[in-house]
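Naming: A, B, ... by sequence-line order, numbering from 1 per chain. As the structure is a prediction and not an experimental result, all values here were calculated from the model.
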Number of protein chains: 2
Amino acid sequence: MLISMTSTPPAPTNDTRDRILDAAERLFVENGFDGTSMRMITGAANANLAAINYHFGGKDALVQEVFRRRLAALNARRLDELDRLEAEAAGAPLKPSRIVEAFFGTALELAADTEHGGRTFMRLLARTYNEPNAFVRQFLAEEYAEVMDRFLGALFRALPEVPRAEILWRFHFMIGAMAFAIAGLGGLSELMEVGPQDEDPARLLPRLMSFLLGGLRAPLPDSGLQG
Amino acid sequence: MLISMTSTPPAPTNDTRDRILDAAERLFVENGFDGTSMRMITGAANANLAAINYHFGGKDALVQEVFRRRLAALNARRLDELDRLEAEAAGAPLKPSRIVEAFFGTALELAADTEHGGRTFMRLLARTYNEPNAFVRQFLAEEYAEVMDRFLGALFRALPEVPRAEILWRFHFMIGAMAFAIAGLGGLSELMEVGPQDEDPARLLPRLMSFLLGGLRAPLPDSGLQG
DNA sequence: GTATGATTCAAACAAACGTTTGAAACATGC
DNA sequence: GCATGTTTCAAACGTTTGTTTGAATCATAC
């Protein structure tokens, strides 16, 4: 597929393609991957059933593309933020709170965007963290490898006195807290059907950040090593 | 349900029934509900395909029974612990750390049991928190209603100076942290493929507890209300 | 116009799904 | 022995699944 170099608009913007991606994103959040059929997707997208195989090659490839088009941008922003912090610090160790903000703030910002589907996508992403679907997890692991490396490294340097295993676990806990909070953003977790929830993610950010930093700074548990 | 006091063994223990439940539990963790077919389950359980419909009435009813048989016990233990704490306190407000321990400690204890499938079940439960499957969430909400009510009430009384919305959110965060940690217990989250993880949940409990309590006690975020 | 490539469409494909059926096998009490 | 109720089994049911096909439609360039 050669594209003329002369004057073609840079984004051919296949209408059907995007409608399918948007519909899939939304339906995946509501019904899961296996619970969403291609007929549901193409139906919601006002497209023909065969369009998915034509544009993406198959259902699995569509799932990957749903993640790829947004996750790449999110993780690039995360790395940019970290680059900026490290440049400002000029070699000095970073404040842990800044590192945490760079990672989770960007995610919550995206989750706050209800106009362009950022919220929907973040709900899907959060939901997928706990999804066993083999090849999706594989895909996520690859997509996250660099970001994890960079942020964990930064935390290790920022907290040299804390055992690395401890930092690893706490980063793990933080991701879980965020994922659960975001996953429940639309129709907040039926687990606690307590009164009218305030769902404004603008207020969620400071709330979550206080909690995460409190957890990160908590006193270390007794090492458990016979003493 | 009256049980003869004389000598009937209390559990008739239908062999096939239990084999199906165990196989389903394991396969649901690995493949999700929609990703696990009845043929996979009965195959793994060495049972006939029709056995599920015979013993449970259908796939949905099987899913419910997989949860019911274990979740009822877990939540009963949680309420017992809380009862015990409140009886000991004799009217005085409880220490928040004790409340948190009663809720999450019981869960991690179950997750530590690899002999009788407690670990498998807790992984399934954690995974299911983020699962959209309509009727499963409905079922979980009902099964959790009382426990949530009691524990949130206890936390409200233990932390009268903290806005209830804040406590609610933080309890939410805590559940997320625990769920993510437990869900990754077998084959720890591919998200961070960092070295040989130490997966001993006996060490997970103090680690998680430190983090949760640190988060719970963190300074409140700026209210966000204009100033 | 005509030709070329990209996209859409209705229809069909085999495979897998949850469920139902009716007969066989088993257990248990008389 | 027979009778009764429970459990297992192979086979089939009608749907729904993801994918493929070949012709129709659209756009663009010549």
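- In this structure, His55(B) does not reach the dT6(D) phosphate: none of its side-chain N or O atoms is under 4.0 Å from OP1 or OP2.
- Between Glu81(B) and Arg78(B) there is no salt bridge, since none of the side-chain N atoms of the basic residue sits less than 4.0 Å from a carboxylate O of the acidic one.
- Asn48(A) has no side-chain polar atom (N or O) that falls below the 4.0 Å cut-off from OP1 or OP2 of dT7(C).
- Arg127(B) approaches Phe28(B) most closely through the heavy-atom pair NE-O, 3.6 Å.
- With Glu25(A) as the partner, the salt bridge (charged side-chain N to carboxylate O under 4.0 Å, His left out) test is satisfied by one option alone out of Arg119(A), Arg123(A), Arg70(A): Arg70(A).
- Neither OP1 nor OP2 of dT7(C) sits under 4.0 Å from any side-chain N or O of Thr16(A).
- One atom, CZ of Arg39(A), and another, P of dT16(D), lie 10 Å apart when rounded to the nearest Å.
- Distance from the side chain of Ala50(A) is smallest to dA10(C) among dT19(C), dA6(C), dA10(C).
- When the P atom of dG18(D) is taken as reference, atom CG of Leu27(A) falls 12 Å away, rounded to whole Å.
- Atom CG of Asp34(B) and atom C1' of dG18(D) are 15 Å apart (whole Å).
- Considering only heavy atoms from C-beta on, Leu124(B) comes within 4.5 Å of Phe67(B) through its side chain.
- Per the geometry, CZ belonging to Phe33(B) stands 17 Å off P belonging to dC17(C), to the nearest Å.
- Rounded to a whole Å, the CD1 atom of Ile52(B) is 10 Å from the C1' atom of dG18(C).
- Geometric assessment of Arg170(A) against the ring of Phe211(B) yields a negative cation-pi assignment under the 6.0 Å and 45° thresholds.
- In this structure, the OH atom of Tyr54(A) is 11 Å from the C1' atom of dC26(D), given to the nearest Å.
- Using a 4.0 Å heavy-atom criterion, one finds that Leu49(A) contacts the bases of the nucleic acid, with or without backbone contacts as well.
- Ala51(B) comes within 4.0 angstrom of nothing in the nucleic acid, heavy atoms only.
- Looking at the side chain of Asn53(A), the nearest of the listed nucleotides dA6(C), dT19(D), dA12(D) is dT19(D).
- Under 4.0 angstrom from either OP1 or OP2 of dT16(D) there lies no side-chain N or O belonging to Ser37(A).
- Put simply, CG on Asn31(A) is 11 Å from P on dT17(D), counting in whole angstrom units.
- Between the CD1 atom of Ile20(B) and the C1' atom of dG18(C) there is a distance of 14 Å, rounded to whole Å.
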